[in-house]
A.B. asks: 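Here's a structure for you.
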Amino acid sequence: MTGLAIDDAAWASAWRLRSPADKLLLSGGLVLAALVLPAWPGSVLVGLAAVVLALGPARVPARTFGRAVRLPLAFILIGALTAVVQVGDGGLGWAPDAAAQAGGLVAHAVAGSAAVLLLATTTPMSDLLPALHRLRVPDAVVEVASVTYRMLFVLLTSLSTIREAQAARMGHASIRNSYRSSGMLAAAVLTRSWDRARRLSDGLAGRGMETGLRVLPEVLPSSPRFVATTLAGLAALVTVGLVGA
Amino acid sequence: MSHLTLAAEGLVAGYERGARVLDGASLTVPPGRRLALLGANGSGKTTLLRCLSGALPPTRGRITLDGAELHATRKGLRAHRQAVQLVLQDPDDQLFSASVAQDVSFGPVNLGLPEEEVRARVAEALELLAVAHLAGRPTHQLSYGERKRVAIAGAVAMRPCVLMLDEPTAGLDPTAVGEALAALTRLQEADSTIVMSTHDVDLALRWADEVAVVVDGGVVQGAPDVVLGDDALLARARLDRPWALSVGARLQALGLLPDGALPRDADALLAALPDRPGVRT
Amino acid sequence: MSHLTLAAEGLVAGYERGARVLDGASLTVPPGRRLALLGANGSGKTTLLRCLSGALPPTRGRITLDGAELHATRKGLRAHRQAVQLVLQDPDDQLFSASVAQDVSFGPVNLGLPEEEVRARVAEALELLAVAHLAGRPTHQLSYGERKRVAIAGAVAMRPCVLMLDEPTAGLDPTAVGEALAALTRLQEADSTIVMSTHDVDLALRWADEVAVVVDGGVVQGAPDVVLGDDALLARARLDRPWALSVGARLQALGLLPDGALPRDADALLAALPDRPGVRT
Amino acid sequence: MHIAEGFLPPAHAIGWTIAAAPFVVHGARAVVTEVRENPESTLLLGAAGAFTFVLSAIKLPSITGSSSHPTGTGLGAVLFRPPVMALLGTVVLLFQALLLAHGGLTTLGANAFSMAVVGPWAGYAAYRLVRRSGGGLLPGVFAAMAVADLATYVTTALQLAWAHPDAASGFAGAAAKFLSVFAFTQVPLAIGEGLLGVLLFRVLVVSARPELERLGVLRRTPEPDEAPVAEAAPGGER
Ligand SMILES: Nc1ncnc2c1ncn2[C@@H]1O[C@H](COP(=O)(O)OP(=O)(O)OP(=O)(O)O)[C@@H](O)[C@H]1O
Ligand SMILES: Nc1ncnc2c1ncn2[C@@H]1O[C@H](COP(=O)(O)OP(=O)(O)OP(=O)(O)O)[C@@H](O)[C@H]1O
Ligand SMILES: [Mg+2]
Ligand SMILES: [Mg+2]
């Protein structure tokens with residue numbers, strides 16, 4: 001039962017029963033706006049909008065959202081710094097407009113990440129995967145991805161339990177032990193995954209599986225109001241973003 | 001639903017590696033009743049259930065449903081699975097979908113039923129197992145006992161005539177065991193046949209109409225108090241004698257219990273015992 | 001080995017999602033004795049055992065070993081784990097090496113013991129659990145009951161003062177349960193303290209020196225016949241009253257059993273009952 | 001190392017998506033064919049995807065103190081072949097973006113190109129090369145995992161350099177910068193991942209022989225590598 005905080009938030013979100021297509025439109029629009037609008041004020045507005053929507057109407061716990069936004073931050077900061085350091089004849093120095101350039105890069109990336117996170121914390125993976133079907137992704141691929149989603153939690157639980165059992169017997173008491181234990185851990189989880197797949201396929205055959213993993217589709221109807229508000233909001237954002245720049 | 005008689009005759013079955021697990025096992029599942037399947041670890045309970053469900057083709061012998069032999073063709077299996085469903089011991093071997101309701105719908109959808117009918121069956125199955133409130137929760141957030149009940153609901157939604165369960169009560173607390181047994185009894189009263197494997201001899205004695213013990217590759221079948229009172233058989237099958245039979249027999253000998261069938265659990269025993277010394281009720 | 005007293009005081013513990021599982025739980029493991037831990041599904045037995053073993057740091061409260069508090073530092077945990085070992089419920093989570101002997105040697109090798117000593121400990125642990133004949137076998141070829149005993153051997157090879165087991169008898173047949181309990185009793189007599197969680201109230205009554213019930217975030221601890229005879233507590237904890245207590249009390253009232261402690265299992269009850277009507281032994 | 005959302009300009013994001021697409025589509029075709037012939041393989045492939053995801057949750061302790069996570073693409077390439085890994089890797093990247101906030105959606109194409117295409121192919125090539133030239137299974141696995149990891153990291157650094165060229169020295173200077181900054185974590189990680197692969201396979205050849213034979217990683221005859229493990233006495237390992 002090892003959970004992933006973002007996934008837990010998605011299942012508990014107030015927007016869980018909204019149509020995934022609606023939420024995809026909103027988050028997708030914000031992601032694109034974050035990418036194409038000038039950083040000031042566009043990205044900043046996008047970032048704000050994503051945070052306000054997530055913590056407000058979608059009622060995502062602030063702790064979860066905050067922690068998740070922090071995750072890509074190390075990469076973003078190191079990447080942005082590296083981008084604006086200049087390699088010249090006299091060694092390293094700052095690029096001419098380093099501060100502005102780095103600021104822009106960070107703003108784009110943080111706003112984009114927040115917009116993706118708005119989707120991630122309001123829409124469980126299992127709602128998004130059927131949407132791929134509409135993007136002409138073959139059913140077989142969608143089904144593989146759905147099984148991946150379900151199996152992931154089973155394997156994550158095995159992973160943490162086995163690791164705990166190893167730690168109890170001092171398997172992670174030193175770096176050397178820890179490497180040896182990690183190899184065994186990975187092997188154990190891999191064999192477990194094969195075993196699981198085999199047993200699940202037996203179990204499903206018994207339930208009449210013939211060609212695919214067909215189930216009753218869940219109906220999450222689109223809300224015209226939500227779509228209209230989204231479009232209006234995005235339009236306003238783009239206008240302000242372009243005019244303000 | 002009408003009752004169908006599921007039976008196995010002279011089954012020989014095993015796995016690639018190793019010896020035969022079943023070697024001439026025969027069993028008749030009493031239609032409309034509750035059968036408990038007992039046996040030591042590795043005796044072949046799960047193997048027998050898998051043969052009966054059509055999942056494992058036996059090397060010899062036959063499985064019949066109301067006399068008609070099961071042939072391991074696509075069509076034969078399809079028909080068999082509509083009538084006979086097996087719930088595996090580990091719920092994670094049966095639950096593949098992240099959504100509880102969708103998972104339960106898998107079987108009915110595979111039967112090719114219209115959407116309305118599927119929806120009705122899902123609701124009914126969730127209701128019968130008392131897990132309707134979980135419909136919107138993701139499978140991976142459920143506790144073990146909850147997953148176990150959802151897995152049973154998935155089989156129940158197929159409306160099988162014979163529902164078989166591999167150790168449905170393992171790992172459940174006493175109250176949950178009671179609830180699971182009550183759900184199975186409801187199902188049986190709604191016209192199903194129930195087969196359940198278990199290691200708990202006391203539970204088998206108290207719940208089952210009939211018991212079958214898998215031992216030495218064969219099956220010994222009969223009334224619970226007879227089979228579970230046969231010490232030679234119990235020793236071969238690595239089982240214990242249910243306490244109610246031992247204690248009941250002695251109390252009968254002491255004249256404290258009426259002659260005839262012994263009580264099968266503590267409540268029945270207490271009810272049958274006199275309240276005060278020296279008074280026979 | 002000397003006896004150490006493992007105790008928990010005012011433990012508060014939980015997981016990210018959801019409420020507190022333990023909320024002010026206190027427990028003292030009686031040194032050199034056998035303690036059974038009972039409770040409903042999800043009550044927090046496993047959580048408590050994980051806290052006691054140092055695997056899960058509690059949010060509040062303390063774990064002490066002979067009065068010394070466990071600190072979740074590398075050094076603190078190292079010392080704690082040499083004294084306290086937890087065997088998880090699913091043996092597959094505990095067996096990750098290719099062969100049985102290798103797996104049992106995992107802990108001693110990690111302790112950095114010389115090869116001779118490792119060899120001796122492995123042999124001793126396999127002997128104590130009666131699985132010495134399996135030493136050279138790959139773990140994945142073992143039966144469930146065998147895997148379970150090898151997993152216990154892996155913890156025993158660490159020579160812990162306190163050995164804790166999460167549902168060691170779940171999924172075993174009655175004879176295997178008897179063998180596992182006998183092995184645990186051997187260990188305890190060889191100077192260990194044993195803690196075991198279980199759902200089986202009859203087993204707890206018959207095996208344990210003391211029982212602890214996890215209920216509503218806390219722990220109620222005491223003598224088996226007292227705690228398991230407390231109907232209000234049992235109802236809150238979703239447990240049943242052991243049959244031996246119900247039946248024994250009535251037989252005592254009927255004057256068939258001597259006053260004082262009630263027999264704890266069928267054999268003791270039969271031994272205590274008179275053989276013929278009207279004769280008090 | 002995943003490129004975060006918003007870190008690539010639109011043209012690059014689109015470009016890399018187009019570059020990765022043929023490989024991913026090819027992988028998807030392979031999966032569709034496989035599933036059509038054999039419906040159960042949906043579950044095996046799903047398990048493989050889940051394992052790849054979970055593998056990257058294993059913390060590898062490193063000498064520098066900071067711990068990092070393996071990418072697992074080299075292992076996937078050896079076990080499931082690069083075309084399938086192109087698809088599974090992309091699925092896993094999508095999951096990582098949405099479940100772990102690791103990577104991004106507009107950068108999915110670029111990340112897929114480095115992690116699901118270049119990494120597996122480079123790792124697989126290294127593996128074949130070692131095996132072809134008489135190397136055993138374990139050296140092959142080490143090469144596959146280390147090379148896949150390094151190739152992924154080099155590709156990512158080049159992608160970043162191309163998107164953000166140095167103001168003075170252009171692409172070359174930027175490449176040098178990104179390569180050296182991330183080398184601190186990525187080079188030890190590549191070696192660590194190679195070691196992990198070796199340790200993993202030492203257990204696997206004993207406990208999962210039939211699966212390895214089915215996947216064509218092992219031939220039906222015993223490999224020289226495994227003998228010492230199978231015979232190892234307690235404590236006599238290493
Ligand atoms: N997939 C398999 N491959 C090889 N052997 C198997 C397989 N499944 C079971 N066996 C073997 O077949 C025998 C019977 O196993 P089975 O699972 O039917 O026993 P069981 O009575 O259900 O035991 P338990 O009470 O432990 O569940 C055992 O010896 C077991 O090791
Ligand atoms: N890794 C985890 N993440 C989140 N919640 C968990 C986790 N493990 C347990 N829980 C929750 O904590 C509570 C206590 O679980 P625990 O496993 O301790 O119960 P238990 O008494 O051992 O139950 P059982 O008898 O079913 O083994 C449950 O509500 C469970 O859902
Ligand atoms: Mg079984
Ligand atoms: Mg538990």
Side-chain angles (χ1 to χ4, degrees), chain B residues 17-18 38-43 45 89-90 141 143-146 148 167 169-179 198-202 206 234-235 237-251 253-256 263 265-267 269-271 273-279, chain C residues 17-18 38-43 45 89-90 141-146 148 167 169-179 198-202 206 234-235 237-251 253-256 263 265-267 269-270 273-279:
Chain B
R17 184 179 46 223
L38 293 151
N41 285 125
S43 60
K45 297 181 295 299
Q89 178 171 358
D90 185 344
Q141 281 183 13
S143 76
Y144 182 77
E146 288 169 341
K148 213 141 179 163
E167 305 200 24
T169 61
L172 299 185
D173 65 51
T175 307
V177 170
E179 288 166 4
T198 178
H199 283 298
D200 188 336
V201 287
D202 296 321
R206 129 175 142 238
L234 292 174
R238 291 172 58 94
L239 297 175
D240 284 348
R241 197 186 169 94
W243 68 267
L245 292 184
S246 317
V247 174
R250 176 71 72 86
L251 293 177
L254 291 173
L256 288 159
D265 60 16
D267 289 342
L269 181 71
L270 291 178
L273 277 178
D275 282 333
R276 280 166 299 137
V279 183
Chain C
R17 179 179 52 227
L38 292 151
N41 286 125
S43 60
K45 297 181 295 300
Q89 178 172 359
D90 187 346
Q141 278 183 14
L142 304 182
S143 78
Y144 184 77
E146 289 168 342
K148 218 140 176 163
E167 305 199 27
T169 61
L172 298 185
D173 65 50
T175 306
V177 170
E179 288 165 2
T198 179
H199 284 297
D200 187 336
V201 287
D202 296 322
R206 137 174 136 236
L234 292 174
R238 293 171 59 95
L239 296 175
D240 283 347
R241 198 187 167 94
W243 69 267
L245 292 184
S246 317
V247 173
R250 175 71 73 87
L251 293 177
L254 289 174
L256 288 160
D265 61 15
D267 289 343
L269 180 70
L270 290 179
L273 277 177
D275 281 333
R276 278 165 300 136
V279 183

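In the text below, chain A, chain B and the rest are named by the order of the sequence lines, each starting its count at 1.
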A.B. asks: Which atoms of C/Leu269 are under 4.5 Å from chain B, going by heavy atoms: the side chain, the backbone, both sets, or neither?
C.D. replies: side chain
A.B. asks: Can you tell me how far CG of B/Leu273 sits from OG of C/Ser246, rounded to the nearest 0.5 angstrom?
C.D. replies: 11.5 Å
A.B. asks: Hey, which of B/Gly145, B/Ala170, B/Gly171 has the most heavy atom pairs under 4.5 Å with chain C?
C.D. replies: B/Gly171
A.B. asks: Quick check: closest heavy atoms across B/Pro274 and C/Arg250, and the distance to 0.1 Å?
C.D. replies: O-NH1, 3.3 Å
A.B. asks: Using non-hydrogen atoms only, which part of C/Ala176 is less than 4.5 Å away from chain B: side chain, backbone, both, or neither?
C.D. replies: both
A.B. asks: Going from CG on B/Leu172 to CZ on C/Arg238, what distance comes out if it is rounded to the nearest 0.5 angstrom?
C.D. replies: 9.5 Å
A.B. asks: Got a donor-acceptor contact below 3.5 angstrom from the B/Asp173 side chain to the C/Asn41 backbone?
C.D. replies: yes
A.B. asks: Do B/Trp243 and C/Val247 have side-chain heavy atoms sitting under 4.5 Å apart?
C.D. replies: yes
A.B. asks: Heavy-atom distance under 4.5 Å to chain C: side chain of B/Glu146, backbone, both or neither?
C.D. replies: neither
A.B. asks: Relative to chain B, which segment of C/Leu251 carries a heavy atom at a distance below 4.5 Å: side chain, backbone, both, or neither?
C.D. replies: side chain
A.B. asks: Quick check on C/Ser143 against chain B: is it the side chain, the backbone, both or neither that has a heavy atom closer than 4.5 Å?
C.D. replies: neither
A.B. asks: Considering only heavy atoms from C-beta outward, does the side chain of B/Asp240 approach that of C/Val177 to under 4.5 Å?
C.D. replies: no
